[in-house]
Chemist: 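Sharing a structure here in structure tokens format.
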Amino acid sequence: MPICSRARVAVTLLLAAIAVPAGATSYADFALGSLAYLDNDLPEAVRRFDAAHVADPANPTVTRRAFDAALVAGDAVRASAIARTLPTGQGQDGIAALLQLARAFNSRDWRAADRAIDGVAALKLGDALTTIARAWVRYARGDREGALASLNPTTAPAGASALVGEQRARMLAAMGRWAEARTAYAGLVGSGSDSPGTLIAAANAADHAGDRAAAMDLLGSREMVGALWAARVRLREGHPVLARVDGPREGLAATIGAVAGEFARNRAIPAATSFARIASFAAPDDAEVRLLLAELLRSAAQTRAAEAVIAPIESDPLWAGDARGLRARLLIDSDRRDEALALVARAAHGPAASVSDWSLLGELAIEAKTYSQAADAFDHAIAIAQVQGPVGWVQYFQRGSAYEQAKDWPRAEADLRRALALSPRQALVLNYLGYSLVDRNLKVEEGTRLLQKALALAPNNPAILDSLGWAYFRTERYPEAISLLERAAAGEPGDAAIAEHLGDGYWAIGRRLEARFRWNAAVTLDPDAAEKARLLAKIDYGFDRAALAGTKPAA
């Protein structure tokens with residue numbers, strides 16, 4: 001999405017303030033590179049940062065920015081050249097070594113891989129990376145038994161047993177030892193490290209070991225969307241889940257990708273993006289790594305780069321649905337909603353339509369506030385899922401939320417209760433159903449109990465804090481309500497509904513100035529027309545008399 005005009009003005013003023021002397025172009029190129037990066041123009045950012053680096057090669061900030069831009073843009077050659085000039089320390093030399101390691105694996109240059117491995121130890125989880133890299137180098141050189149023996153989860157570096165265990169299972173599959181691979185993957189499923197790719201690999205091992213029923217069960221252990229859905233369809237049609245066996249390149253890429261995922265979970269998006277891009281250099285055809293990288297690029301507002309990353313996998317037999325869903329989101333991010341809707345609608349009405357296609361169509365309909373169309377789309381998703389079986393909680397939850405927003409509460413409640421029965425510890429469902437019961441003043445005690453369970457499962461979730469706080473407000477438990485609502489507002493200060501609820505709570509205990517302050521804040525947070533009218537009535541008349549202005553005081 002283009003940079004906002006305020007940011008453009010800021011950069012222009014910066015350039016004017018620099019007063020660059022004749023011949024000293026590095027500052028201007030650095031500022032223009034920063035502007036291009038913000039403007040989603042990576043090629044221009046790379047060009048400008050590279051020019052700044054050439055003009056001022058001793059500047060560590062310029063050098064690092066040039067390296068990062070080349071890396072994010074996917075220019076492995078340029079990034080490698082700049083990496084040689086990165087200053088040592090703080091893991092920067094480790095990043096350079098990891099880049100060289102990935103390129104060595106991609107070109108099957110095992111001597112270069114040996115040289116790069118020691119430098120990787122400077123990184124977080126570097127011990128795990130070096131252990132796994134050395135094992136795959138031994139495997140590639142023909143010492144397969146020695147390589148396998150070195151991948152022992154019980155003696156793995158601290159915090160790396162799951163990483164090492166996954167690579168051991170992958171290596172057993174590469175060796176064709178399917179029964180052992182199946183057992184190794186079984187130890188990973190349900191451990192928290194079982195990504196969709198791991199589940200698919202586990203199902204593939206079970207199928208090759210002669211137990212197709214177990215493979216089907218593995219693929220049905222999660223919501224059957226995206227690649228999991230496609231893998232299950234392949235199995236039902238008698239095809240192998242995976243068309244090829246992975247080797248050293250894919251093993252290293254998966255390991256680096258796992259580290260990138262850990263960074264992403266800790267919201268270290270720049271580091272996660274760098275690691276994911278390096279993983280893609282090791283195995284450019286790895287679809288799961290590409291999807292992770294594209295998601296991270298999207299988080300960094302680099303939509304064009306993300307679109308380029310997913311393009312090669314949009315025809316992948318397993319991952320095409322995931323890629324299509326992500327492309328639709330990228331189109332929406334670029335204000336091309338009509339194109340996104342057309343893309344998803346074509347897939348949903350096509351002969352190979354999946355649960356994911358209809359679910360995504362329903363999600364877009366909800367965003368457009370066409371709730372009846374959304375419910376119809378989720379009807380189709382459930383019908384398709386019933387053929388493959390079983391229907392997951394997500395489909396019932398989605399349809400229930402569409403019915404609820406379409407004001408069809410009986411159908412909404414039925415679907416939400418189905419979702420809860422299928423996943424009784426799902427905080428999202430507990431929160432939605434509990435809040436709906438409380439807010440409608442239907443079954444307030446039951447709704448409050450559901451919300452208490454949801455908060456126990458997700459104690460810092462602002463939405464759940466707000467819901468339970470609102471339940472306490474409705475039952476006049478004001479001190480408890482305000483305590484929770486204040487925590488919700490601190491966790492999500494940009495949410496208009498939370499600000500309004502907190503204002504209502506303050507009003508109830510006589511803190512009238514603070515109540516109006518919160519309502520005024522909610523007005524600035526882009527509420528819809530009905531919400532804005534209700535807030536303005538509260539500001540003018542107070543909570544108790546707002547109904548006299550023709551609006552409901554409750555949120």
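Position 1 is the first residue of the sequence; numbering continues from there.
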Chemist: Provide the closest heavy-atom pair for L525 versus P493 in the form atom of the first, atom of the second, distance.
Modeler: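 Of all heavy-atom pairs spanning L525 and P493, the closest is CD1-O, 3.7 Å.
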Chemist: Using a strict threshold of under 4.0 Å (side-chain N to carboxylate O), is an ion pair present between R449 and E446?
Modeler: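 No, no charged N to carboxylate O under 4.0 Å.
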Chemist: Do side-chain atoms of N266 reach the backbone of A268 as a donor and acceptor pair under 3.5 angstrom?
Modeler: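 A pair under 3.5 Å: no.
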Chemist: So, do N461 and L465 sit near enough that their side-chain heavy atoms are less than 4.5 Å apart?
Modeler: no
Chemist: Using only heavy-atom distances, determine whether the side chains of N431 and S467 contain a donor-acceptor pair under 3.5 Å.
Modeler: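 Yes.
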Chemist: Do W470 and D504 get their side chains close enough for a donor-acceptor pair, meaning under 3.5 Å?
Modeler: no
Chemist: Apply the test salt bridge (charged side-chain N to carboxylate O under 4.0 Å, His left out) to residues D439 and R474: give CA-CA distance (whole Å), side-chain angles for both, the deciding distance (0.1 Å), then the verdict.
Modeler: CA-CA 8 Å; D439 199 49; R474 296 294 290 265; 3.3 Å; yes
Chemist: For the atom pair CH2 (W319) and CZ (R290), what is the distance rounded to the nearest 0.5 Å?
Modeler: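 Rounded to the nearest 0.5 Å, the CH2-CZ separation comes out at 14.0 Å.
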Chemist: With heavy-atom distances below 4.5 Å as the criterion, would you say the side chains of L437 and V444 are in contact?
Modeler: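 Answer no - side chains too far apart.
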Chemist: Between K532 and D526, does any NZ, NE, NH1 or NH2 come within less than 4.0 Å of an OD or OE carboxylate oxygen?
Modeler: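 Looking at K532 together with D526, the answer is no, because their closest N to O distance does not fall below 4.0 Å.
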Chemist: From I332 CD1 over to L364 CG, what is the distance, rounded to the nearest 0.5 angstrom?
Modeler: 4.5 Å
Chemist: Kindly determine whether L331 and T303 satisfy side-chain contact (heavy atoms from CB on, under 4.5 Å), including the steps that lead there.
Modeler: CA-CA 8 Å; L331 289 170; T303 55; over 6 Å; no
Chemist: What do the steps show when you test Y396 against R417 for side-chain contact (heavy atoms from CB on, under 4.5 Å), and what is the final call?
Modeler: CA-CA 9 Å; Y396 286 123; R417 290 191 182 280; over 6 Å; no
Chemist: Determine the minimum heavy-atom distance between P153 and G165, stating which atoms define it.
Modeler: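 Closest approach of P153 to G165, heavy atoms only: CG-CA, 3.6 Å.
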Chemist: Listed by chain and number, what are the salt bridge (charged side-chain N to carboxylate O under 4.0 Å, His left out) partners of R518, not counting sequence neighbours?
Modeler: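 R518: no salt bridge (charged side-chain N to carboxylate O under 4.0 Å, His left out) contacts found.
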Chemist: If you count every heavy atom of other residues, nucleotides or ligands that lies below 6.0 Å from R425 atom CZ, does the total exceed 12?
Modeler: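 Atom CZ in R425 is not crowded, with 12 or fewer foreign heavy atoms closer than 6.0 Å.
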Chemist: Would you check if there is a donor-acceptor pair between the side chains of Y506 and E486 at a distance under 3.5 Å?
Modeler: yes
Chemist: Which atoms form the tightest heavy-atom contact between A128 and A160, and what is the distance?
Modeler: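 The pair with the smallest heavy-atom distance is CB-CB, 3.4 Å.
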Chemist: Are any of the side-chain heavy atoms of T154 and S161 separated by less than 4.5 Å?
Modeler: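 A side-chain contact is absent here, since even the closest heavy-atom pair is not under 4.5 Å.
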Chemist: Under 4.5 Å between any side-chain heavy atoms of R170 and E250, yes or no?
Modeler: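 SC-SC contact between R170 and E250 confirmed.
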Chemist: Checking Y478 now: which residues fulfil ring-ring contact (aromatic ring centres under 6.0 Å, His included) with it, not counting sequence neighbours?
Modeler: F473
Chemist: Grab the two heavy atoms, one from Y435 and one from L451, that are nearest each other, plus how far apart they are.
Modeler: N-CD2, 3.7 Å
Chemist: Find out whether L420 and Q426 are in side-chain contact, i.e. whether some heavy atom of one side chain is under 4.5 Å from a heavy atom of the other.
Modeler: no
Chemist: Judged by modelled atom types alone, do Q167 and T255 share a side-chain donor-acceptor pair under 3.5 Å?
Modeler: yes
Chemist: Aromatic rings H208 and W178: how do their planes relate, parallel, tilted or perpendicular, breaks at 30° and 60°?
Modeler: parallel
Chemist: Any side-chain heavy-atom pair from I366 and F378 closer than 4.5 angstrom?
Modeler: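 In short, these two side chains touch, coming nearer than 4.5 Å.
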Chemist: Given the rule in the salt bridge (charged side-chain N to carboxylate O under 4.0 Å, His left out) test, do E307 and R304 qualify, once you have shown the distances and angles that lead to the verdict?
Modeler: CA-CA 5 Å; E307 288 176 347; R304 295 176 198 163; over 6 Å; no
Chemist: Looking at E288 and G197, would you say the former's side chain and the latter's main chain have a donor-acceptor pair under 3.5 Å?
Modeler: yes
Chemist: Evaluate side-chain contact (heavy atoms from CB on, under 4.5 Å) for L361 paired with W358, printing each intermediate quantity in order.
Modeler: CA-CA 5 Å; L361 192 60; W358 281 106; 3.6 Å; yes
Chemist: How about I539 and V523: do any of their side-chain heavy atoms sit closer than 4.5 Å?
Modeler: yes
Chemist: Do you see a donor-acceptor pair shorter than 3.5 Å between the side chains of T198 and S195?
Modeler: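 Side chains of T198 and S195: pair found under 3.5 Å.
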Chemist: For side-chain contact (heavy atoms from CB on, under 4.5 Å), just list the numbers for L199 and L228, CA-CA rounded to whole Å, side-chain angles, deciding distance to a tenth of an Å, and then say yes or no.
Modeler: CA-CA 8 Å; L199 278 174; L228 293 175; 4.0 Å; yes
Chemist: Salt bridge between E500 and K538, side-chain N to carboxylate O under 4.0 Å?
Modeler: yes
Chemist: Looking at E237 and R234, is any side-chain nitrogen of the basic one under 4.0 Å from a carboxylate oxygen of the acidic one?
Modeler: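 Judged by the 4.0 Å cut-off on N to carboxylate O distance, R234 and E237 do not form a salt bridge.
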Chemist: Working to the nearest 0.5 Å, report the span between OG of S423 and CZ of R418.
Modeler: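 Going from the OG atom of S423 to the CZ atom of R418 covers 16.0 Å.
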Chemist: Would D211 and R182 pass as an ion pair if we require N to O under 4.0 Å?
Modeler: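 Salt bridge between D211 and R182, a charged N being under 4.0 Å from a carboxylate O: yes.
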Chemist: If you compare all heavy atoms of A215 against all heavy atoms of L235, which two are closest, and at what distance to 0.1 Å?
Modeler: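 For A215 versus L235, the nearest heavy atoms are CB-CD1, 3.6 Å.
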Chemist: Can you see which heavy atom on A258 is nearest to which on L163, and at what distance?
Modeler: CB-CD2, 3.3 Å
Chemist: Just wondering, do P462 and D495 contact through their side chains at under 4.5 Å, heavy atoms?
Modeler: no
Chemist: If you measure from CZ on R277 to CG on L296, what distance do you get to the nearest 0.5 Å?
Modeler: 10.5 Å
Chemist: Take atom CZ of R411 as the centre, draw a 6.0 Å sphere, and report whether it contains more than 12 heavy atoms from other residues, nucleotides or ligands.
Modeler: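 It does not: R411 CZ has 12 such atoms or fewer within range.
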Chemist: Look up atom OG1 in T273 and atom CG in L292, then write down how far apart they are to the nearest 0.5 Å.
Modeler: 8.5 Å
Chemist: Which residue pairs pass the side-chain hydrogen bond (donor to acceptor under 3.5 Å, both in side chains) test when at least one of the two sits in residues 321-330, sequence neighbours left out?
Modeler: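 For residues 321-330, and leaving out neighbouring residues, the side-chain hydrogen bond (donor to acceptor under 3.5 Å, both in side chains) pairs sorted by first residue read E314-R327, R324-D357, R329-E363, R329-E367.
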Chemist: Checking S483 side chain against P479 main chain: does a donor-acceptor pair fall under 3.5 Å?
Modeler: no
Chemist: Scan side-chain atoms only and decide if E404 and Y371 contain a donor-acceptor pair under the 3.5 Å cut-off.
Modeler: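 Short answer, no.
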Chemist: Look up atom CG in L297 and atom CD in Q302, then write down how far apart they are to the nearest 0.5 Å.
Modeler: 7.0 Å
Chemist: Could you walk me through whether W519 and H501 satisfy the ring-ring contact (aromatic ring centres under 6.0 Å, His included) test, starting with their C-alpha distance in whole Å, then the side-chain angles of each, then the deciding distance to 0.1 Å, before giving a yes or no?
Modeler: CA-CA 9 Å; W519 293 332; H501 284 170; over 10 Å; no
Chemist: Would a distance-only check, ignoring hydrogens and angles, find a side-chain to backbone donor-acceptor pair under 3.5 Å from R232 to M216?
Modeler: yes
